[in-house]
Chemist: 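Provided herewith is a single structure, encoded as structure tokens, for subsequent inquiry.
Heavy atoms only: backbone and side chains are in, while hydrogens, waters and symmetry mates are out. Computed from a predicted structure; not experimentally measured. Chain naming here is simple, since letters A, B, ... match the order of the sequence lines and numbering starts at 1 in each.
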2 protein chains.
Amino acid sequence: MSYGPGARINPRVAWGGHVAQKIKLSTIAETLGISTATVSLALRDSPLVAGTTRDKIKEQARALGYIYNRRAASLRTSRSGIIGVVVHDIMNPFYGEILKAIESELDRSRHTFILSNHYDSVEKQRTFIETLLQLGGDGVIMSPAIGTPPEDMQLAEDNGMPAILVARSMEGSALPTYRGDDSYGISLATNHLIGLGHRSIAMIGGTDQTSTGRDRYQGYVNALRKAEIEVDPGLRIPGPRSMQGGFEAAVHFLSLPQKPTAAVCWNDLVAIGLMNGIARAGLVPGSDISVTGYDDLEEASISMPALTTVWNGQAEVGRLAARALLDRLAGSHEPDGIHLIKPEMRIRQSTSPYRART
Amino acid sequence: MSYGPGARINPRVAWGGHVAQKIKLSTIAETLGISTATVSLALRDSPLVAGTTRDKIKEQARALGYIYNRRAASLRTSRSGIIGVVVHDIMNPFYGEILKAIESELDRSRHTFILSNHYDSVEKQRTFIETLLQLGGDGVIMSPAIGTPPEDMQLAEDNGMPAILVARSMEGSALPTYRGDDSYGISLATNHLIGLGHRSIAMIGGTDQTSTGRDRYQGYVNALRKAEIEVDPGLRIPGPRSMQGGFEAAVHFLSLPQKPTAAVCWNDLVAIGLMNGIARAGLVPGSDISVTGYDDLEEASISMPALTTVWNGQAEVGRLAARALLDRLAGSHEPDGIHLIKPEMRIRQSTSPYRART
DNA sequence: CTGAAAGCGCTTACAG
DNA sequence: CTGAAAGCGCTTACAG
């Protein structure tokens, strides 16, 4: 935990320039010969202030180049207009699409949002939540880091800051959660491949350390069992979650003794990387090897070949989570618990009927 | 300009829970029977406080679950520890790589950063800067939106908040700027293709509305002229800046009457999209058509084929810009003006010697 | 090394 | 419809 502005003592340093003189509420009040109370109310469009007075005040604020001091206001009201969002990695387009949806919801309600990656570091995640509390954040949307302890999960709520989870749920946490139905979604992809006649189907990527990872692997296993296909643990290559990871996994995948003819990938990034890796090895993804993705990122439809994947409703997740938080801030209580988005199959060119591998 | 917490009047609403009683500095002071001044100094590791007193105070803060109130501190010191960053689109990996570098610099100095996209909306950009000023931001790093008027450019500095530009420079702005040398960089790519024997080289994507766009087109034109190749305006397809854009431009590119054998692309995303589009049309990118990218994103080395491109130093840009801002906040004045990162060629498989198109 | 007191710039009862 | 005054939770001279 750190204190102080920039954690330094006596940090008063050179301002950029002249800054003639700080304009504040009282400056407006004085130059207009009225009270600060009236100015304050007028700027916030209170019906308690006469229309003509309000207009005069607003005009003066504009003319003087007045900058509203939110820290002062927030100190008084204990509302900051700040909402924090922390996810694994904002550069991952999966989270990017969630963030975009959150951003557009929050924009509408004039909230400022503060973003952070935690890169699955519990430490970094806690620092972020503490900073947010220090800034008087109104709420937080998080996709919890692997290994988040229950007390960190509750840190926000315990200090009066509502929290909403996205994309991942947390064992034993009662926080409202919005995510896709991973088990169902992956079964769609697996069943699609089974329907095309594939029997040796690998599962590439993901980790058992997240709810998402466990659910997807379980969904894949269940689909195989249901089709009475034996589950071979050797057909699972856990780990990869990025395009680079998928690309590197291609070598391992192609050398599996079981010679799988299809791969259910953890997500679109892994699938695209895997397809590139397969192509680099001289095989043709989509015809020699069928590949499915997960998420239906914007890139999926323009990859080569176009990726068969599962729409995971990122935009929906972001939108609903933001709405739930805003509703909560407005006083209404959304029911807690997990809200699942129902995934949908998107069939494109990266999957084709079974053909034995030569 | 909007005022008030969430721009509402009287927003005191239901907190999440009980929140027994707010712990503040004075709570610690009282329970320990000392003054708030001492507590304040101790928490910030002031040498004015005795070591044993400090430890006792810190322990008590921890035990009580004290949350430091930054708004109050900031109101007093006029330093917030907040730094704003606004770019075109954080989902674009080009900016993503810049942001990552900024983040890691700022993390080290315990600054909080607030991020926003402006999507080239001058309005959205101004709202962001105003919000940052309201929050008492210590500084801002921006990649200015197309059409930013000079007064918006100065808004931050005029109110005492230092600003640094990244990736794009702004006509007539004296703000310190960090970006790649676009004109030089694109000439590397163009010369590489000329060296391979190509004579009909298209330029795909980009816009004349940014400094980057103008510089890259100019660099391409200059390289052709120097090699005494006639510049054909019909070989320019302006516009695309995304993977989707590059993908869609493939049709136009392939139907050009000049039958170009190579394409210099605006960036890696356009190049990858274009290659996918070319492959979708049944041609082989890298052998039938040579393609160069720009930026050397992480994806470039694992695309199919691996992309020949120009390293544009995103991480360097982010790191240097963050350092420059921090130095400025610490009182030292970095010289203004444009600081160019020197790009470097990365030759991979997407370019090959000239072969006439059939 | 420690404490009493003022003040940062707002908002909010309260009084008129 | 408008004003005088208290207070949000810190930090900082200043005094001891």
Chemist: Mind calculating the distance between CZ (B/Arg76) and C1' (C/dG9) to the nearest angstrom?
Modeler: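 Nearest whole value for this atom pair: 12 Å.
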
Chemist: Can you find a side chain N or O atom of B/Tyr68 that sits less than 4.0 Å from OP1 or OP2 on D/dT11?
Modeler: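 Affirmative; the distance criterion is met.
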
Chemist: Can you tell me the pairing partner of C/dA13 across any strand shown, Watson-Crick or G-U wobble, with both distances under 3.5 angstrom?
Modeler: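 The answer is none; no pair meets the criterion.
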
Chemist: Can you tell which of C/dA5, D/dT2, C/dC10 lies closest to the side chain of A/Leu48?
Modeler: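 That would be D/dT2.
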
Chemist: Rounded to the Å, how far apart are A/Leu32 CG and D/dG3 P?
Modeler: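 Going from A/Leu32 (CG) to D/dG3 (P), I get 10 Å.
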
Chemist: Do A/Thr27 and A/Lys22 make a side-chain contact, defined as non-hydrogen atoms from C-beta onward lying under 4.5 Å apart?
Modeler: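 Answer no - side chains too far apart.
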
Chemist: Side-chain N or O of A/Thr53 less than 4.0 angstrom from OP1 or OP2 on D/dT2?
Modeler: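 Result: yes.
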
Chemist: Parallel, tilted or perpendicular for A/Tyr95 and A/His88, by the 30°/60° rule?
Modeler: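 If you compare the ring of A/Tyr95 with that of A/His88, the planes turn out tilted.
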
Chemist: Rounded to the Å, how far apart are A/Leu25 CG and C/dG9 P?
Modeler: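 Roughly 10 Å, once rounded to whole Å.
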
Chemist: Counting only side-chain heavy atoms from C-beta out, which of D/dC10, C/dT11, D/dT12 sits nearest to B/Asn69?
Modeler: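 Given the options D/dC10, C/dT11, D/dT12, the side chain of B/Asn69 is closest to D/dC10.
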
Chemist: As a test of reading the structure: which of D/dC10, C/dT12, D/dT2 is closest to the side chain of B/Ala72, going by heavy atoms?
Modeler: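 Selected nucleotide (nearest to the side chain): D/dC10.
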
Chemist: Hydrogens and angles aside, do B/Ser169 and B/Arg179 bring a side-chain donor and acceptor to less than 3.5 Å of each other?
Modeler: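 Short answer, yes.
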
Chemist: Send over the distance from A/Gln134 CD to D/dG9 P, rounded to a whole Å.
Modeler: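 Going from CD in A/Gln134 over to P in D/dG9 covers 15 Å.
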
Chemist: Applying the Watson-Crick and G-U wobble criteria at under 3.5 Å, what pairs with C/dA4? Answer none if nothing qualifies.
Modeler: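 Matched C/dA4 with nothing under the 3.5 Å cut-off.
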
Chemist: Of B/Ile34 and B/Leu75, whose nearest nucleotide on DNA chain C comes first from the 5' end?
Modeler: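 This one resolves to B/Ile34.
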
Chemist: Between B/Ala37 and A/Ser40, which has a closest nucleotide on DNA chain C that is more 5'?
Modeler: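 The 5'-side residue here is B/Ala37.
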
Chemist: Choosing from D/dC10, C/dT2, C/dT12, which nucleotide comes nearest the side chain of A/Leu41?
Modeler: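 That would be C/dT12.
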
Chemist: Starting at CZ of A/Arg70 and ending at C1' of D/dC8, how long is that distance when rounded to a whole Å?
Modeler: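 Distance, rounded to whole Å: 18 Å.
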
Chemist: Would you check if B/Leu165 and B/Ile141 make a side-chain contact, meaning some heavy-atom pair closer than 4.5 Å?
Modeler: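 Heavy-atom side-chain distance check fails, nothing below 4.5 Å.
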
Chemist: Indicate whether OP1 or OP2 belonging to D/dG3 is found under 4.0 Å from a side-chain N or O atom of A/Thr38.
Modeler: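 The answer is yes; a side-chain N or O of A/Thr38 sits under 4.0 Å from OP1 or OP2.
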
Chemist: Choosing from C/dG9, C/dA5, D/dG3, which nucleotide comes nearest the side chain of B/Thr36?
Modeler: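 So the side chain of B/Thr36 is nearest to C/dA5.
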
Chemist: Under 4.0 Å from OP1 or OP2 of D/dC10: is there any side-chain N or O of B/Tyr66 that close?
Modeler: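 Indeed, a polar side-chain atom of B/Tyr66 lies that close.
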
Chemist: Do any side-chain nitrogens or oxygens of A/Arg44 fall under 4.0 Å of OP1 or OP2 in C/dT12?
Modeler: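 Yes, such a contact exists.
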
Chemist: Whole Å only: how far is the CD1 atom of B/Ile23 from the P atom of D/dC8?
Modeler: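 Distance, rounded to whole Å: 15 Å.
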
Chemist: Just the rounded figure in Å: distance from P of C/dT11 to CD1 of A/Ile57.
Modeler: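 In whole Å, C/dT11 P lies 12 Å from A/Ile57 CD1.
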
Chemist: Side-chain contact, heavy-atom cut-off 4.5 Å: A/Glu130 with B/Ile67?
Modeler: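 Counting from C-beta outward, A/Glu130 and B/Ile67 never come under 4.5 Å.
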
Chemist: Okay, side chain of B/Ser143, backbone of B/Val166: is any donor-acceptor separation there less than 3.5 Å?
Modeler: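 Between the backbone of B/Val166 and the side chain of B/Ser143 there is a qualifying donor-acceptor contact (under 3.5 Å).
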
Chemist: Rounded to the nearest angstrom, tell me the gap between atom CZ in A/Arg79 and atom P in C/dG9.
Modeler: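 So the two atoms are 24 Å apart, to the nearest Å.
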
